[in-house]
Number of protein chains: 2
Amino acid sequence: MPSQPTLSNKEWPLMRLLWEKSPQPAYDLITALSDQESWHANTIRTMLARLHKKGAVGIRPYKNLFLYYPLISEEECIAAESESFLQRVYGGALKPALLHFARSQKLTREEIRELKKVLDGKD
Amino acid sequence: MPSQPTLSNKEWPLMRLLWEKSPQPAYDLITALSDQESWHANTIRTMLARLHKKGAVGIRPYKNLFLYYPLISEEECIAAESESFLQRVYGGALKPALLHFARSQKLTREEIRELKKVLDGKD
DNA sequence: TGCCACTAACTACACATGTAGTATATTCAT
DNA sequence: ATGAATATACTACATGTGTAGTTAGTGGCA
């Protein structure tokens with residue numbers, strides 16, 4: 001089995017759209033993304049072609065166009081990228097990473113409680 | 001102020017060495033890294049040159065060689081990379097990211113307690 | 001029925017990155 | 001003083017990425 005293709009920076013928003021809803025024609029993705037990210041239509045098509053080439057999305061013909069759908073799961077991608085991030089930035093140490101995120105100011109009280117519940121389950 | 005230079009994948013291990021101890025001559029870095037990462041000496045020198053060029057490390061002459069030292073702090077780099085990771089992978093949502101890490105199997109009981117203490121402080 | 005609009009395919013191009021080889025300058029030991 | 005070892009500088013090159021222009025096919029409307 002060929003290892004998971006990895007996603008580049010800008011491929012993530014595209015894949016997120018496909019994970020949310022698929023299959024989708026290029027047109028819909030272009031509409032959504034030219035808006036969200038202000039990319040040129042051809043840029044998005046190029047990225048779709050590359051994603052297809054690297055095995056991240058599949059193509060199915062439909063009428064006179066193609067529908068795109070993900071071939072790799074969001075969970076796997078997130079897991080892989082998280083692991084890579086952990087290695088790169090923290091040399092693989094999970095605890096400091098978690099502490100960093102936990103200390104950041106952006107958690108609401110509610111989220112903190114939720115997180116603690118998960119941790120309780122593991123303790 | 002020019003925005004923080006960002007570090008590529010392979011630049012992190014180099015910077016980690018410099019953050020641990022600096023200044024250091026190229027030689028020491030090469031010794032450490034050819035071992036840890038099995039890189040060619042010239043590869044490491046090229047990376048040092050690029051890090052210097054992008055303003056991530058400084059150079060100070062010492063005897064017949066150069067000493068390298070970081071110009072950017074580990075904390076800032078980690079913060080920047082963590083934020084970029086969060087945006088890329090989770091679309092900026094901190095909670096799911098934390099949950100993902102917290103659910104991963106690799107935390108020891110001790111680490112879980114420590115983490116909960118940090119969260120308690122914020123609740 | 002000929003042209004327009006739209007799809008998809010192909011081409012382009014600069015910059016970053018990983019990975020080194022080559023060349024030049026300096027120095028230390030014999 | 002000269003040759004070997006080092007240190008630094010410069011060059012090379014394939015691949016990935018961001019960004020888009022150009023070309024060709026085709027179905028539907030005027």
Side-chain angles (χ1 to χ4, degrees), chain A residues 2-16 23-69 77 80-81 84-85 87-89, chain B residues 2-16 23-69 77 80-81 84-85 87-89:
Chain A
S3 65
Q4 283 277 120
T6 63
L7 302 178
S8 82
N9 244 311
K10 304 298 185 96
E11 285 167 349
W12 280 86
L14 234 178
M15 289 303 289
R16 256 198 297 276
Q24 285 193 68
Y27 177 79
D28 289 7
L29 299 165
I30 288 171
T31 307
L33 287 170
S34 351
D35 207 41
Q36 277 175 43
E37 316 266 341
S38 73
W39 289 338
H40 191 282
N42 274 348
T43 300
I44 297 168
R45 282 180 189 285
T46 299
M47 291 201 297
L48 280 172
R50 287 179 184 167
L51 282 169
H52 181 228
K53 189 171 166 198
K54 68 163 84 166
V57 309
I59 291 183
R60 166 147 45 92
Y62 172 75
K63 300 195 173 173
N64 59 326
L65 43 69
F66 285 134
L67 296 182
Y68 293 84
Y69 54 91
C77 284
E81 185 64 20
S84 140
F85 164 78
Q87 287 303 326
R88 179 175 55 243
V89 177
Chain B
S3 65
Q4 283 276 118
T6 64
L7 302 177
S8 81
N9 243 314
K10 303 298 184 96
E11 285 166 348
W12 280 87
L14 234 178
M15 289 303 289
R16 255 196 298 276
Q24 285 192 68
Y27 177 80
D28 289 8
L29 299 165
I30 288 171
T31 307
L33 287 170
S34 350
D35 207 40
Q36 278 175 44
E37 315 269 341
S38 71
W39 289 340
H40 191 281
N42 275 349
T43 299
I44 296 168
R45 283 180 186 284
T46 299
M47 291 201 296
L48 280 172
R50 286 179 184 169
L51 282 169
H52 181 227
K53 189 170 167 200
K54 67 162 85 168
V57 308
I59 291 184
R60 166 149 44 92
Y62 172 75
K63 298 196 174 173
N64 60 325
L65 43 69
F66 285 132
L67 297 182
Y68 293 84
Y69 53 92
C77 284
E81 185 65 19
S84 138
F85 166 77
Q87 286 303 327
R88 180 175 54 243
V89 177

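In the text below, chain A, chain B and the rest are named by the order of the sequence lines, each starting its count at 1. It should be emphasised that the depicted structure is a prediction, and the values quoted were computed from it without experimental measurement.
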Looking at Arg45(A), does any N or O in its side chain come under 4.0 Å of the phosphate oxygens OP1/OP2 on dA9(C)?
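Indeed not, no polar side-chain atom of Arg45(A) lies that close.
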
Once side-chain hydrogen bond (donor to acceptor under 3.5 Å, both in side chains) is applied, do any residues pair with Gln36(A), and if so which ones, sequence neighbours excluded?
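Checked Gln36(A) against side-chain hydrogen bond (donor to acceptor under 3.5 Å, both in side chains); zero matches.
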
Kindly write out the residues that satisfy side-chain hydrogen bond (donor to acceptor under 3.5 Å, both in side chains) with Glu81(B), not counting sequence neighbours, or none if the list is empty.
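Applying side-chain hydrogen bond (donor to acceptor under 3.5 Å, both in side chains) to Glu81(B) gives Arg88(A).
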
Give me the first and last nucleotide of DNA chain D, going 5' to 3', that has any atom under 4.0 Å from a heavy atom of chain A.
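Footprint of chain A along DNA chain D, 5' to 3': dT17(D) to dT22(D).
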
Does the side chain of Phe66(A) come within less than 4.5 Å of Pro61(A)'s, by heavy atoms?
yes

Starting at [atom1] of [X] and ending at [atom2] of [N], how long is that distance when rounded to a whole Å?
X        : N       : atom1 : atom2 : result
Gln24(A) : dT7(C)  : CD    : C1'   : 17 Å
His52(B) : dA16(C) : NE2   : C1'   : 19 Å
Ile44(A) : dT7(C)  : CD1   : C1'   : 14 Å

Side-chain donor-acceptor pairs under 3.5 Å in residues 26-34 of chain B, sequence neighbours left out?
residue, atom, partner, partner atom, Å
Thr31(B), OG1, Tyr27(B), O, 2.8
Ser34(B), OG, Ile30(B), O, 2.2

Heavy-atom closest pair, residues Arg16(B) and Val89(A):
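Here Arg16(B) and Val89(A) meet closest at NH1-O, 3.3 Å.
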
Looking at every non-hydrogen atom in both residues, tell me the closest pair between Leu67(B) and Pro25(B) and how far apart they are.
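So the two residues come closest at CD2-N, 3.6 Å.
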
Applying a 4.0 Å non-hydrogen cut-off, can you work out what Ala49(A) is touching in the nucleic acid: base, sugar-phosphate, or nothing?
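No contact.
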
Name every donor-acceptor pair, under 3.5 Å, that has one atom in a side chain of residues 37-60 of chain B and the other anywhere in the protein, sequence neighbours excluded.
residue, atom, partner, partner atom, Å
His40(B), ND1, Asn42(B), N, 3.0
Thr46(B), OG1, Asn42(B), O, 2.9
Lys54(B), NZ, Thr6(B), O, 2.9
Lys54(B), NZ, Glu11(B), OE1, 2.8
Lys54(B), NZ, Glu11(B), OE2, 3.2

Encode nucleotides 17-29 of chain C as B, S and - characters from 5' to 3', where the letter depends on protein heavy atoms closer than 4.0 Å: B to the base, S only to sugar-phosphate, - to neither.
BBBBBB----S--

